[in-house]
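The figures here come from the full heavy-atom set of this structure, side chains too, leaving out hydrogens, waters and symmetry mates. In listed order, ligands and their atoms are each counted from 1.
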Amino acid sequence: MTKIKIFGLMTAADAAIIIQAKPDYAGVVFAPGRHQVNQDQARMIRAALNPSIPLVGVFVATPIEEILAIAQAGIIQLVQLHG
Ligand SMILES: O=C(O)c1ccccc1N[C@@H]1O[C@H](COP(=O)(O)O)[C@@H](O)[C@H]1O
């Protein structure tokens, strides 16, 4: 079954729009680039999202301890290791 992820959320306002689209997943990018967010931004996005939409964190060459800390804080529900 096809699943849809909308990624690149950067603000709580983005999350409010995403809720209406009802994707299977939403994604935030912690890797450097134009979509990059920090933990505080990601926490606000998580809080603004519908709880039924899992938030995926995209990481590139990030120390596992940092990824685990973000996941264990409940900011993201899934980890995407990119590259
Ligand atoms: O989109 C980004 O800014 C980004 C930056 C660094 C790593 C991953 C990024 N996005 C994620 O990668 C996929 C797209 O991958 P590809 O371009 O097809 O290789 C996208 O779905 C985001 O999850």
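A 4.5 Å side-chain heavy-atom check between Phe30 and Ile70 finds at least one atom pair inside the cut-off. Side-chain contact between Ile67 and Leu81 is present, with heavy atoms from C-beta onward closer than 4.5 Å.
Listed by chain and number, the hydrophobic cluster partners of Tyr25 are Val56, Leu78, where partners are ILVMFWY side chains within reach of under 4.5 Å, directly or through others.
For Ile64, the CD1 atom is densely surrounded, since the number of other residues' heavy atoms within 6.0 Å is greater than 12.
Annotation for Gln77 and Arg46: closest pair OE1-NH1, 2.6 Å, computed over non-hydrogen atoms.
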Under 3.5 Å: N or O atoms of ligand 1 paired with protein N or O:
residue  : atom   : partner : partner atom : Å
ligand 1 : 1 (O)  : His35   : ND1          : 3.4
ligand 1 : 3 (O)  : His35   : ND1          : 3.2
ligand 1 : 12 (O) : His82   : ND1          : 3.2
ligand 1 : 23 (O) : Lys5    : NZ           : 2.6
ligand 1 : 23 (O) : Gln80   : OE1          : 3.3
ligand 1 : 23 (O) : Gln80   : NE2          : 3.1

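Shown are Leu55, Val29, Ile18, Val28; of these, the side chain to side chain contact (heavy atoms under 4.5 Å, CB included) with Phe7 is made only by Val29.
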